[in-house]
Amino acid sequence: MQDFINQLNSVQQEAVLSTEGPNMILAGAGSGKTRVLTYRVAHLLNKGIDSFNILALTFTNKAAREMRERIESIIGPEAKNLWMGTFHSIFAKILRNEHEKIGYPYNFTIYDTQDAKNLIKSITKELGLDDKLYKSNMVYSRISAAKNNLISATAYSNDASILSEDKRMGKPEIRRIYSIYETRCLKAGAMDFDDLLFKTYEVFKKFPDVLLKHQQLFKYILVDEYQDTNYAQYTIVKMLAKAHNNICVVGDDAQSIYSFRGANIENILNFQKDYSNTQSFKLEQNYRSSKNIVAAANAVIAKNKDQFQKDVWTDNDQGSRIKVVKTKTDNEEGKAVANKILNLKLEKQLENQQFAILYRTNAQSRSMEEALRKLNLPYKIYGGLSFYQRKEIKDLLSYYRMTFNPNDEEALKRIINYPTRGIGKTTLDKLILTSNKNNKSIWEVISNIDSYETGIGNGPKLKIKNFVTMILSFGSELFRKNAFDLGQHIASHTGLLKDLYDDKTPEGISRYENIQELLNGLKQFSAQEESSNTPSKTLDKFMEDVALLTDADNENQDDYNKISLMTIHSAKGLEFPYVFIVGMEENLFPSQLSVNSRSELEEERRLFYVALTRAEKAAYLSYAQTRFKFGNITYAEPSRFISEIPLDYIEMPEVNPPRNYAGTRLAESNSFVSRSPIPPGKKLVSLEKAEKQTQTSNTTETAKRSPVIKEGQTVEHLRFGRGKVISVDGIGPNKKAVISFGKHGQKQILLKFAKLKIVG
DNA sequence: GGAGGCCTCGGAAGG
DNA sequence: CGAGGCCTCC
């Protein structure tokens with residue numbers, strides 16, 4: 001540990017050693033930011049600062065975990081006591097300690113965005129408002145924005161300019177929805193993500209003693225990715241730092257890409273004004289990328305007006321110029337990228353994990369996936385539906401939530417009739433009506449159902465009582481069983497496990513497996529149990545973490561050597577030797593919604609900067625001339641960002657004649673432009689047909705290698721075992737077979753996905 | 001209560 | 001195009 005300092009360059013060293021007062025570290029892309037942060041904390045501890053007195057805030061669990069692990073490897077288990085985590089998890093911890101001050105139970109539930117939107121939907125409905133006008137997404141983002149700007153429901157209702165804006169949009173009732181939303185959350189003992197920030201602010205503001213306590217506790221404060229902070233985060237940090245004034249923020253204004261969710265780049269641009277006598281450090285040496293990439297990225301970002309002057313440079317090799325690839329269609333683009341990856345792999349003996357394909361929108365992943373699948377290139381997609389958002393997982397978690405907080409209404413609404421127990425929509429509506437009328441939670445109503453005028457008949461009433469008894473029985477086990485035992489008990493006792501087990505469709509099987517995975521997680525959690533008479537790893541403790549987890553926290557072991565596919569947003573903070581940035585088209589990247597405002601266009605440019613600077617050795621840009629958008633073919637122009645890269649650093653595609661792209665070993669399949677399915681001059685209508693023809697001919701091509709499935713054959717399926725092919729239907733990628741699998745019954749199987757082996 | 005048909009709408013996304 | 005919401009019909 002003694003000479004960790006020597007591993008740093010001189011600016012990095014200064015940034016680590018300058019522990020007192022306000023410090024701002026501007027960290028260019030790939031400049032060793034994490035290293036500086038971890039060493040800075042290690043240095044503080046080394047100096048004798050108590051780990052309990054250090055607060056380090058990040059935006060993602062992953063960043064917090066990585067930092068903690070690295071610090072632990074330097075200074076040992078002492079690192080466990082650091083206050084290190086995401087804004088949300090640290091503030092949730094504070095709020096659980098101070099729950100009484102805001103009238104919440106200790107075990108408050110954290111509503112995710114889906115819960116919050118569902119609640120908004122039901123409020124809109126109960127108020128009899130038009131749900132086309134008051135779309136839950138829109139209302140949610142309005143409320144969220146208000147909270148992130150520390151505007152309470154009351155303040156919202158009294159703010160003339162907000163009200164007139166709502167009125168102008170024809171939506172004057174948002175204030176009412178907001179205010180009822182707040183009441184309902186309180187009644188349910190629930191907070192949404194924004195509340196974790198907003199209520200922390202409120203507690204600090206209303207209770208100076210609580211603020212003072214935390215100001216004294218957090219003698220040293222660090223904030224990572226400061227350019228991504230919103231007003232609430234900015235304000236709370238400022239409040240906390242007031243006493244000791246030891247605040248260090250780290251960030252890069254050039255990588256601010258989250259303004260659409262409230263991040264305010266001004267926070268970092270104004271840091272020196274906010275905190276007098278700021279020491280600032282610029283980490284400008286890039287350790288990640290080639291000279292060529294650094295130069296190209298610098299040239300791009302220089303087009304932005306508002307930024308700190310930075311001079312990012314590197315000692316790395318010159319590297320090759322950025323290559324631009326042009327294809328006729330989005331599917332061709334996918335093929336070109338996949339072919340290029342295959343070539344590079346063979347040519348340079350590379351691993352899959354050295355490649356990333358980055359795109360602006362999730363929808364673009366499809367053409368990439370198809371092409372990769374055809375070449376048998378393993379890939380992993382980040383983003384999309386998260387594990388914790390899956391229906392079956394949310395259902396089971398809803399039971400868990402109700403076990404320790406039965407007032408949780410969104411959980412109750414999900415499970416009161418799942419698995420089916422005869423408490424239908426009509427009954428639920430009556431319950432909601434009664435609970436609203438009496439200003440009680442639904443749980444309070446159903447657990448004393450006889451004392452309310454609900455208009456519910458005796459049949460359903462009995463079923464409700466059984467449901468209540470069941471939930472109560474789970475609650476009584478909460479502190480007697482550990483998380484796994486109770487979790488398992490709930491999964492089976494509710495009938496949820498059996499319900500999923502009985503479903504033998506592939507989706508059903510996967511749902512069952514997901515539940516098993518969740519239970520495995522519980523098992524691991526409970527295994528950390530200390531030896532004592534009462535379990536400490538109880539279900540409610542497990543749930544404290546779960547609400548704040550995301551998919552990125554669930555890295556799968558067998559996913560490690562795969563090509564990464566993700567949006568540029570989720571690539572921030574990552575690096576790959578070879579990076580493909582696809583869909584470089586006007587109205588896609590930059591997005592159509594951004595091209596009319598300077599600030600939004602600048603944010604898109606920062607996004608492009610982030611994308612480029614992910615690359616270590618080489619970056620490839622590609623664009624298609626036509627692309628399927630919402631089922632229609634649209635024409636596209638190459639992105640303006642391509643032309644913002646000086647010609648010294650980039651290789652443009654040769655328009656005429658079409659030529660192969662770089663490596664030529666697999667010349668035939670490696671061409672980027674020569675495989676156009678459309679003869680020049682043909683009209684648009686024929687495009688779709690032509691596309692289909694290519695797909696068909698490709699299938700014939702692959703047929704040489706993979707078996708042709710025919711009627712009457714016996715085949716073996718990974719999951720269903722042996723079966724007989726009844727019929728084959730469709731062409732190209734849509735080719736599917738009806739196969740009879742004995743005890744699993746008849747299945748329709750898309751051949752392009754299924755791994756079928758011909759047995760006879 | 002659930003399956004299936006019709007309609008609508010579409011950005012990026014951590015906690 | 002395709003996911004999700006809503007409605008209808010059984």
Side-chain angles (χ1 to χ4, degrees), chain A residues 57-64 85-92 110-118 121 125 131-132 135-138 140-141 144 147-148 191-198 200 224-225 228-230 232-233 257-263 330 358-367 382-386 388-389 391 417-428 460 499 544-553 566-573 583 587-595 600 603-604 606-608 610-611 627-634 688 734:
Chain A
L57 297 167
T58 64
F59 275 84
T60 66
N61 291 306
K62 199 171 163 220
T86 61
F87 279 91
H88 291 86
S89 70
I90 297 287
F91 291 172
I110 298 171
Y111 276 173
D112 65 18
T113 29
Q114 203 185 333
D115 295 321
K117 285 175 189 173
N118 284 342
K121 231 176 266 175
K125 211 163 148 193
D131 59 1
K132 294 263 185 319
K135 286 191 200 150
S136 64
N137 272 323
M138 185 274 300
Y140 175 79
S141 56
S144 173
K147 287 182 184 174
N148 286 330
M191 292 194 204
D192 63 24
F193 290 135
D194 302 312
D195 284 331
L196 296 176
L197 309 183
F198 185 48
T200 300
D224 191 15
E225 307 276 17
D228 286 340
T229 49
N230 62 32
Q233 290 160 328
I257 54 174
Y258 283 114
S259 75
F260 65 89
R261 62 179 194 215
D330 44 357
L358 309 181
Y359 34 78
R360 179 66 179 82
T361 68
N362 277 311
Q364 290 166 256
S365 73
R366 235 184 82 210
S367 55
Y382 291 75
L385 190 64
S386 127
Y388 296 102
Q389 285 169 358
K391 182 188 178 298
N417 199 35
Y418 178 75
T420 321
R421 49 176 72 87
I423 308 173
K425 198 178 168 304
T426 330
T427 309
L428 183 58
D499 194 71
E544 273 181 23
D545 299 332
V546 158
L548 299 174
L549 291 183
T550 59
D551 249 20
D553 305 313
M566 65 186 91
T567 61
I568 302 166
H569 281 91
S570 40
K572 187 163 155 213
N587 296 330
L588 179 60
F589 191 25
S591 149
Q592 189 162 14
L593 298 130
S594 74
V595 293
E600 284 185 68
E603 178 147 320
E604 294 283 309
R606 291 193 293 267
L607 194 56
F608 183 48
V610 168
R627 176 176 297 278
F628 267 98
K629 246 183 208 169
F630 305 144
N632 297 311
I633 295 164
T634 53
E688 230 182 314
N734 297 320

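Quick caveat: nothing in here was measured; it's all calculated off a predicted structure. Throughout, protein chains are lettered first and strands after them, A, B, ... in sequence-line order, and every chain is numbered starting at 1.
When the P atom is compared between dG4(C) and dA13(B), the two are found 16 Å apart, to the nearest whole Å.
Here the side chains of Y418(A) and K391(A) are in contact, with some heavy-atom distance below 4.5 Å. Side chains of Y111(A) and N118(A) form no contact here, defined as non-hydrogen atoms less than 4.5 Å apart. In this structure, D194(A) and Y140(A) have side chains that are in contact, with non-hydrogen atoms separated by less than 4.5 Å. By the 4.5 Å heavy-atom criterion applied to side chains, L197(A) and K147(A) are not counted as neighbours.
Atom-to-atom, CG of D330(A) to P of dC1(C) comes out at 13 Å; the value is rounded to the nearest Å. Regarding Q364(A), its CD atom lies at a distance of 16 Å from the C1' atom of dG2(C), rounded to whole Å. Here dA3(C) presents its P atom at 17 Å from CG of N137(A), a figure rounded to the nearest Å. Between L548(A) atom CG and dG15(B) atom C1' the separation is 6 Å, expressed in whole Å. Nucleotide dG2(B) holds its C1' atom 15 Å from the NZ atom of K425(A), rounded to whole Å.
With sequence neighbours left out, R366(A) forms a salt bridge (Lys or Arg N to Asp or Glu O under 4.0 Å) with E370(A). Under the side chain to side chain donor-acceptor pair (under 3.5 Å) criterion, E544(A) pairs with Y106(A), not counting sequence neighbours. Contacts of T420(A) classified as side chain to side chain contact (heavy atoms under 4.5 Å, CB included), with partners at least two apart in sequence or in another chain: N417(A). Residues passing the side chain to side chain donor-acceptor pair (under 3.5 Å) test with K132(A), sequence neighbours excluded: none.
With the nearest nucleotide of DNA chain B identified for both N417(A) and A547(A), N417(A) has the one nearer the 5' end.
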Any N/O pairs under 3.5 Å between the protein and nucleotides 5-10 of chain C? List them or say none.
none

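At least one side-chain nitrogen or oxygen of R366(A) sits closer than 4.0 Å to the OP1 or OP2 atom of dG2(C).
How far CD1 of I257(A) is from CG of D228(A): 7.0 Å, rounded to the nearest 0.5 Å.
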Problem - Sugar-phosphate or base contact per nucleotide [nucleotides 9-14 of chain B; S, B, -; heavy atom under 4.0 Å] - result: -BBBBB
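At a threshold of 4.0 angstrom between heavy atoms, the contacts of I423(A) are confined to the sugar-phosphate backbone, with no base atom among them.
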